[in-house]
Amino acid sequence: MKTQNWMGSDFSYEDLSKGDDIIEQYTHRDAGAGEVNGVKVTVIESTPKENAPVVWGEETLKIADDHIVHEHEFFDQAGVLVKRLITKEVKEIGGKRYPTILRMESLEKPGEWTEFHTTNAQFGIAISPSLFTQSNLSNPRARSECARCARPCPG
């Protein structure tokens, strides 16, 4: 189910929920330097470890010195490029450099893509530990503290 498209977009549920799977499930190789839209990047080729529960036969990431991924390519088991995530814009947002426009292109459907535009972000904000309790996640209206400011909230 995680490989299905998210809300009809070119992003899958797996793309949106990925944590550190690529670090743990893949072997990585520094494939040298490159460039994406005028930005110098380090190219990392990642191949799945034997018996890793992953979909892709290879993933290639192009990462700038500021740790922003400028391109992420996804190859099937036969080595065919299937889709590509491209950082179209990086801006100062929420006090740090951040990718504000991300485009996922489906190479199986040329000319189709989905873009995420981020216009505002906050980093390092205090979040009440009670926000992620099983009780609060099951019944968020019953919570006693506001998720944004960790203060009592009338609901």
Side-chain angles (χ1 to χ4, degrees), residues 1-129 131-134 136-138 140 147-149:
M1 293 230 8
K2 291 180 87 174
T3 60
Q4 293 179 352
N5 289 7
W6 175 72
M7 296 181 66
S9 74
D10 294 293
F11 287 87
S12 69
Y13 287 94
E14 174 72 15
D15 296 330
L16 300 175
S17 65
K18 225 180 238 194
D20 55 4
D21 287 356
I22 194 163
I23 294 168
E24 296 175 3
Q25 303 293 340
Y26 288 76
T27 301
H28 310 283
R29 181 178 82 78
D30 182 339
E35 192 173 294
V36 177
N37 297 327
V39 176
K40 292 181 181 179
V41 295
T42 299
V43 180
I44 306 293
E45 292 178 351
S46 303
T47 53
K49 294 178 180 176
E50 192 174 330
N51 299 320
V54 297
V55 173
W56 304 110
E58 181 179 313
E59 295 185 41
T60 301
L61 294 101
K62 298 175 182 174
I63 306 170
D65 288 342
D66 58 4
H67 307 288
I68 292 176
V69 175
H70 283 264
E71 192 171 284
H72 188 166
E73 296 176 319
F74 302 84
F75 297 84
D76 66 14
Q77 299 297 328
V80 175
L81 180 60
V82 176
K83 65 182 184 175
R84 176 185 299 127
L85 178 67
I86 299 172
T87 298
K88 302 291 285 181
E89 179 180 271
V90 177
K91 287 185 176 179
E92 183 84 16
I93 187 168
K96 65 189 269 184
R97 287 182 49 75
Y98 193 80
T100 54
I101 300 178
L102 294 172
R103 176 184 286 184
M104 184 67 81
E105 299 176 342
S106 170
L107 296 164
E108 296 173 323
K109 302 175 204 163
E112 290 189 23
W113 67 83
T114 302
E115 283 187 351
F116 280 145
H117 291 242
T118 302
T119 57
N120 188 15
Q122 295 178 9
F123 302 97
I125 60 173
I127 298 175
S128 170
L131 178 65
F132 297 105
T133 63
Q134 187 171 7
N136 190 52
L137 292 171
S138 298
R148 285 184 339 159
C149 59

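Crowding of Asn37 atom CG: a count of heavy atoms from other residues, nucleotides or ligands under 6.0 Å not exceeding 12. Atom NE2 of His67 has 12 or fewer neighbouring heavy atoms from other residues, nucleotides or ligands inside a 6.0 Å radius. When the shell of 6.0 Å around NZ of Lys91 is examined, it contains 12 or fewer heavy atoms from other residues, nucleotides or ligands. Atom CD of Glu24 is surrounded by more than 12 heavy atoms from other residues, nucleotides or ligands within 6.0 Å.
The minimum heavy-atom distance between Ala64 and Val39, with the atom names listed, is CB-CG1, 3.9 Å. The minimum heavy-atom distance between Ser46 and Leu61, with the atom names listed, is OG-CD1, 4.0 Å. Nearest heavy atom pair, residue Pro48 against residue Trp56, reads CG-O, 3.3 Å. Between Ser106 and Lys83, the shortest heavy-atom distance links the atoms CA-CB, 4.3 Å.
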| Candidate pair Glu105 and Ile86, rule side chain to side chain contact (heavy atoms under 4.5 Å, CB included), full reasoning | CA-CA 8 Å; Glu105 299 176 342; Ile86 299 172; 3.6 Å; yes
| task | Carefully, step by step, assess Thr100 and Ile93 under the rule side chain to side chain contact (heavy atoms under 4.5 Å, CB included). | result | CA-CA 8 Å; Thr100 54; Ile93 187 168; 4.2 Å; yes
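Using a 4.5 Å heavy-atom cutoff, the side chains of Glu108 and Val82 are in contact. In this structure, the side chains of Tyr98 and Ile68 stay at 4.5 Å or more apart for every pair of heavy atoms. In this structure the side chain of His72 never reaches within 4.5 angstrom of the side chain of Lys62, judged on heavy atoms. Between Leu131 and Asn136 there is a side-chain heavy-atom pair separated by less than 4.5 Å.
Expressed to the nearest 0.5 Å, how far OG1 of Thr42 lies from NZ of Lys40 amounts to 11.0 Å. The CZ atom of Phe74 sits 11.0 Å away from the CG atom of Leu107 when rounded to the nearest 0.5 Å. Note that the OG1 atom of Thr47 and the CD atom of Glu58 stand 7.0 Å from one another [nearest 0.5 Å]. With values rounded to the nearest 0.5 angstrom, Glu59 atom CD is found 3.5 Å from Tyr26 atom OH.
Shown are Lys88, Arg84, Glu89; of these, the side-chain contact (heavy atoms from CB on, under 4.5 Å) with Arg103 is made only by Lys88.
In summary, the side chains of Thr87 and His70 do not present any donor paired with an acceptor at a separation below 3.5 Å, with no hydrogens or angles considered. In this structure, a donor-acceptor pair under 3.5 Å is absent between the side chains of Thr60 and Glu45.
With Phe123 as the aromatic partner, Lys96 meets the cation-pi criteria of under 6.0 angstrom to the ring centre and within 45 degrees of the ring axis.
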